[in-house]
Amino acid sequence: MLLEIEGLQDKIEVEEGALLGSLLAYFPKKRAKEIVAFSWENKVYDLCREVPKECKKLIPVFLNEPLGLKILRHSAAHIMAEAVKKLFPSAKVTIGPDIENGFYYDFDYERPFTPEDLEKIEQEMARSVAANHPFVREELSKEEAKKLFLKLNETYKLEIIDELGEETVSIYRHGDFVDLCRGPHLPSTGYLKAFKLTSVAGAYWRGDENKPMLQRIYGTAFASEKDLKKYLAQLEEAKKRDHRKLGAQLDLFSFSEEAGPGMPIFHPKGALLRAILEDFEIKEHLRRGYEVVRGPRLLRQELWKRSGHYDNYRENMYFTEIDGQVYGLKPMNCLSHMLIYKSKLRSYRDLPLRFFELGTVNRHEKSGVLHGLLRVRQFTQDDAHILCRPDQLQEEIVGVLNFVRDVMKLFGFEYELEISTRPEKSIGSDEDWDRATTALTQALESLELKYDICPGEGAFYGPKIDVKLKDALGRKWQCSTIQCDFTLPERFDLTYIGEDGEKHRPVMLHRVILGAIERFLGVLIEHYAGAFPTWLAPVQARILTITDAQNEYVENCYKVLRQAGLRVEKDLRNEKLGYKVREAQLEKIPYVLVAGEKEVEAGGLNVRLRGGKNMGLKSLEEIVDIIYQDMDEPFKQGGMSYRYLY
RNA sequence: GCCGGGAUAGCUCAGUGGUAGAGCAGCUGAUUCGUAAUCAGCAGGCCGUGGGUUCAAAUCCCAUUCCCGGCUCCA
C-alpha cells in the first residue's frame, strides 16, 4: 500500500502488517528519535502497532508537542505505577491519567505515602527508564483480561473492565508491569528523560466521597530536562503572584485565627480597592437599566422553607434565634428581591425589572475548601435578579452576556463559558428546566460564543451559564454566572398583569458579573500581579523628597493633587532617594513623583513610572492630566467611562 | 468534611532534649543624599493553644485551632 506521511516529500510503499515503528527509518535519525506515535484520522497509534488498514496518510507525533507530551506523561504514570508496585507490592493500582502539565496515579495502599516514599519511587522509576523496557500492547477479550487482573488481585481494574462497553480491551506491558489501558504509550521507558514527582494527596475512588480514599501521587514530565526546569521555575514565579502573599505584602487584607476561618479582613488599601470596584459597579449597573436595592441579611426561616433553600441548601446556611423566632443568615440575595417585586402590583409594561444589590452573604463552606479570598465564608456578590416576561428572556440573557464581555475586556481577562444542566438535588418541573436550558443555550448560540456543557452541575433552582477565570497557578474559579429560574416566581406566586388583563407569571434570572467581590479581587490581584491599573490602584502616586529642604514644597503639591481627586501619598522620610523609590516600586505604585531642588525651582515634579521609565519634569497640571488619561484608558473600548475621585 | 504536610520576632527563615537566633521591618541617633536597600545603637518571643513524657521540651507523645497542597463541594 502507498502511504503519505506528513513531513516526508515522497509517498512510500508499505507492506500490509508492517509496524509503524519501521516508518522511522524514513526520517532523519535525530528527528526519528522524537517520534513517539503516529496519528491517522484523529486516532493515535503506538509505534508497536501495525500500520492501520485502509490508512492513506499518517501524521507523526513528536515528543515535544502537546499530543506527544500527553503520551509521555501517561507513560510516566505507568512507570510510576511499576515503581510503586515494586516497592509496595500490596498497593493496588486504579487509574493514572495525564493531566495539564503532568500526570497522577491513584493507589489503594494500607498507609499514605510519605515524601521519603516519593524519593524512593523516583529512584525506582529512574531504574526502569535506564532499563529502557519497551511498551507492549496486547488486545484481550474482557474475560481474559478479568482472569489476568484477578490473578494479580487488581480488583479496581476488574471494576473498570466490567464497565467498559467493548468486547475486547487492551493492556500495556513494560518490564514486569501490566496495566489495563487504552494507550497509546511511548515506544519504551527510556524516552522518559525529564520527570519529577511533585506531591501526594488523598483522592476518593471515582471522586465519590462515600467510596474509599486512595493515595494519589502527582508528577510532571517534559520532553527535556530544560523544559522541566523551565516549568518548575514558572511555578515558582506563579507563586509570587499568589494573592494571599501579595495581599499581605501590599497590606490589602488579612485573615485572623481569632476572627475565624474564611472571614477576610480588609485593610485600608484593600478596602479602598473594593470601594472603587463597587462604586464602578453601581454606576455601570444604573447605566444599564438596573435599580439598586438592599435587603436584610437575616430572614425568617419560613421564607427559606418557601424558597426551597431550607430543603436544598440548609447545610450551607447559618441559623440563629431572635425572640423565639428562627432566622437564617442569607446565603443568597434572591429572597428580598422577590419581596420587592411582590410589594406592589406589576404590569407587563414594568418588565423587565432589574434589581441590583451588592449583597453580603454567608455560606458554611467546608473547612477544607477555604482558600484565601477565592473561597471564603462571607462574601459580597454583585448580584441582580431580572424579572421579565417569557418573551423578553433571551434578550435579557444576551444583555447579561454582553455585560460580562465588556467587563472582562475592561480587566483584560480571558474566560471560559460553561453551561450547567439539572443536578440530582433540585426543584421544579422537567419542562421548566428544558425551557430554561434552551433559553440559555440559544442566547449563547445567537452571540456565537463557544461553551462547554457540564451535565448535572446546575443550581438547585435552575440551569446556569458560568464564566470561569484562572488564578496564577491555572486553577479555574467561577466568577460570573447567569442562572435561569422558573421555580422561585412560582413558589412566591409572582405575577404581572398582561395586555389581556390577566395575571401572568414572570421569569427570573439570577446573575452576577464579577461574582463575589472577594473572589474577583483575589483573581484580579493575581492577574495584575499586584500592579493595578491606575483607575484601581489604591495609591496612584507617591511624592518623594530628596532632602528635607523640599518638605514644605511637597506638602503643597500633595494638597493640590489630592484636591484634584487623585489618591496620592507623600514620603518625607530622611532616607536616600533610591531607598524611597525602591519601596514605592515594591508597593507597585503607578507614579513616583520626585521633588528635588530643580523641581522646586521649576514648580513641578519629576515623573517616574512603575516600570522604571522616567517621563522627566512635569507641572502639576500636566501630572493631573497624565494620571486622568491613564485612569480613563481601559474604559475607552466597550464604550464605558468611569472615574473614582475623592 | 476527608487524606497528607506545616505553625519559632511584624515579615522571611535557622535552631534534633540542656541559657531562643539571623536578615529585613520597627524605634533612637548620625547622615541631607537625584530614581530598586546610608551607617551605628536599641528594642522586639507563652516557639499556635491545651495536656502529657522527662531532672530538663521549640525539639518526643496526645488532643485542639489555624494555614498550605489535594479530593469532594462551590461565587
Side-chain angles (χ1 to χ4, degrees), chain A residues 104 106 111-115 117-118 198-218 239 242 244-245 248-249 251 254-262 313 315-316 331-333 359 361 363-377 379-383 420 423 457 459 464 466-469 473 475 477-481 483 510 512-520 522-523 544-551 573-586 592-599 606-609 612-614:
Chain A
Y104 68 79
D106 285 350
R111 65 162 177 86
F113 295 114
T114 64
D117 292 336
L118 286 201
T198 49
S199 62
V200 247
Y204 301 108
W205 169 234
R206 298 262 138 125
D208 184 339
E209 60 185 323
N210 302 312
K211 294 209 161 100
M213 178 155 283
L214 308 171
Q215 299 301 320
R216 173 171 299 179
I217 303 178
Y218 283 94
K239 279 187 195 155
D242 190 314
R244 291 165 298 190
K245 203 166 179 156
Q249 266 167 25
D251 198 14
S254 63
F255 288 89
S256 154
E257 191 172 335
E258 291 169 291
Y313 207 74
E315 55 278 18
N316 287 301
M332 299 184 194
N333 300 302
V361 297
R363 297 186 185 173
H364 180 257
E365 302 292 346
K366 290 180 182 172
S367 60
V369 306
L370 300 174
H371 185 100
L373 288 184
L374 300 182
R375 192 80 180 266
V376 291
R377 285 186 173 154
F379 54 96
T380 301
Q381 295 179 301
D382 60 336
D383 205 359
S420 299
E457 301 281 309
K464 55 179 188 166
D466 289 332
V467 176
K468 300 215 164 161
L469 303 180
L473 289 173
R475 291 176 287 214
W477 296 92
Q478 180 184 318
C479 290
S480 323
T481 176
Q483 311 179 342
H510 308 243
V512 290
I513 304 294
L514 306 183
I517 303 291
E518 287 78 357
R519 173 177 290 181
F520 191 78
V523 179
L544 315 183
T545 51
I546 289 176
T547 74
D548 47 23
Q550 291 88 42
N551 284 6
R573 289 175 305 167
N574 176 12
E575 294 290 350
K576 288 173 102 171
L577 182 61
Y579 182 86
K580 296 199 227 182
V581 167
R582 177 170 192 270
E583 280 200 349
Q585 182 70 33
L586 288 175
V592 170
L593 309 173
V594 177
E597 232 174 284
K598 271 188 283 176
E599 286 74 20
N606 184 282
V607 180
R608 182 193 200 269
L609 301 178
K613 226 177 93 185
N614 204 307

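Here is how names work: the chains are called A, B, and so on, in the same order as the sequence lines, proteins then strands, and each is numbered from 1. All heavy atoms count here, side chains included; hydrogens, waters and symmetry mates do not. Keep in mind the model is a prediction, meaning the values are calculated, not measured.
Rounded to whole angstrom, the span from the CD1 atom of Ile517(A) across to the P atom of A75(B) amounts to 16 Å. Atom-to-atom, CZ of Arg573(A) to P of A30(B) comes out at 18 Å; the value is rounded to the nearest Å. Protein atom CG of Asp117(A) is 18 Å distant from nucleotide atom P of C3(B), rounded to whole Å. A75(B) atom P lies 9 Å from atom NZ of Lys468(A), rounded to whole Å. Atom CD in Glu315(A) sits roughly 10 Å away from atom P in C74(B) (whole-Å rounding). Separating the CG atom of Leu370(A) from the C1' atom of C71(B) is a distance of 15 Å, rounded to the nearest angstrom. What separates CD of Glu258(A) from P of U49(B) is a distance of 12 Å, to the nearest Å. Remark: P of C71(B) and OH of Tyr104(A) are 8 Å apart, rounded to the nearest angstrom.
Atom CG of Asn551(A) and atom OG1 of Thr545(A) lie 5.5 Å apart (nearest 0.5 Å). Taking NE2 from His371(A) and CZ from Arg519(A), the interatomic distance works out to 10.0 Å, rounded to the nearest 0.5 Å.
You won't find any donor-acceptor pair under 3.5 Å spanning the side chain of Tyr204(A) and the base of G70(B), going by distance alone. Arg206(A) contributes no side-chain N or O that forms a donor-acceptor pair with the base of C71(B) under 3.5 Å. Between the side chain of Arg375(A) and the base of C73(B), at least one donor-acceptor pair of N or O atoms lies under 3.5 Å.
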Completion exercise
Scoring nucleotides 32-37 of chain B by protein non-hydrogen atoms under 4.0 Å (B base, S sugar-phosphate only, - none) yields BBBBBB
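Here, C2(B) and A58(B) have their P atoms 31 Å apart, quoted to the whole Å.
Residue contacts for Val369(A): at a heavy-atom cut-off of 4.0 Å it reaches a base atom on one of the strands shown. Using a 4.0 Å heavy-atom cutoff across all strands shown, Ala516(A) reaches at least one base atom of the nucleic acid. Across all strands shown, Arg111(A) has no heavy atoms under 4.0 Å from either base or sugar-phosphate atoms. Counting non-hydrogen atoms under 4.0 angstrom, Lys464(A) reaches the backbone sugars and phosphates but no base.
Across all their heavy atoms, Val592(A) and Ala584(A) have their closest contact at CG2-CB, 3.6 Å.
Partner Asp106(A) forms a salt bridge (charged side-chain N to carboxylate O under 4.0 Å, His left out) with one of Arg216(A), Lys211(A), Arg206(A) and no other, that one being Arg216(A).
The side-chain ring of Tyr218(A) is not stacked on the base of G70(B), judged by centre separation under 5.5 angstrom and plane angle under 30 degrees.
Residue Gln478(A) places at least one side-chain N or O closer than 4.0 Å to OP1 or OP2 of A75(B). At the phosphate of G70(B), OP1 or OP2 sits under 4.0 Å from a side-chain N or O atom of Arg475(A). Contact between the side-chain N/O atoms of His371(A) and the OP1/OP2 oxygens of G70(B) is not found at any separation under 4.0 Å.
Side-chain contact between Pro331(A) and Asn316(A) is absent, with no heavy-atom pair separated by less than 4.5 Å.
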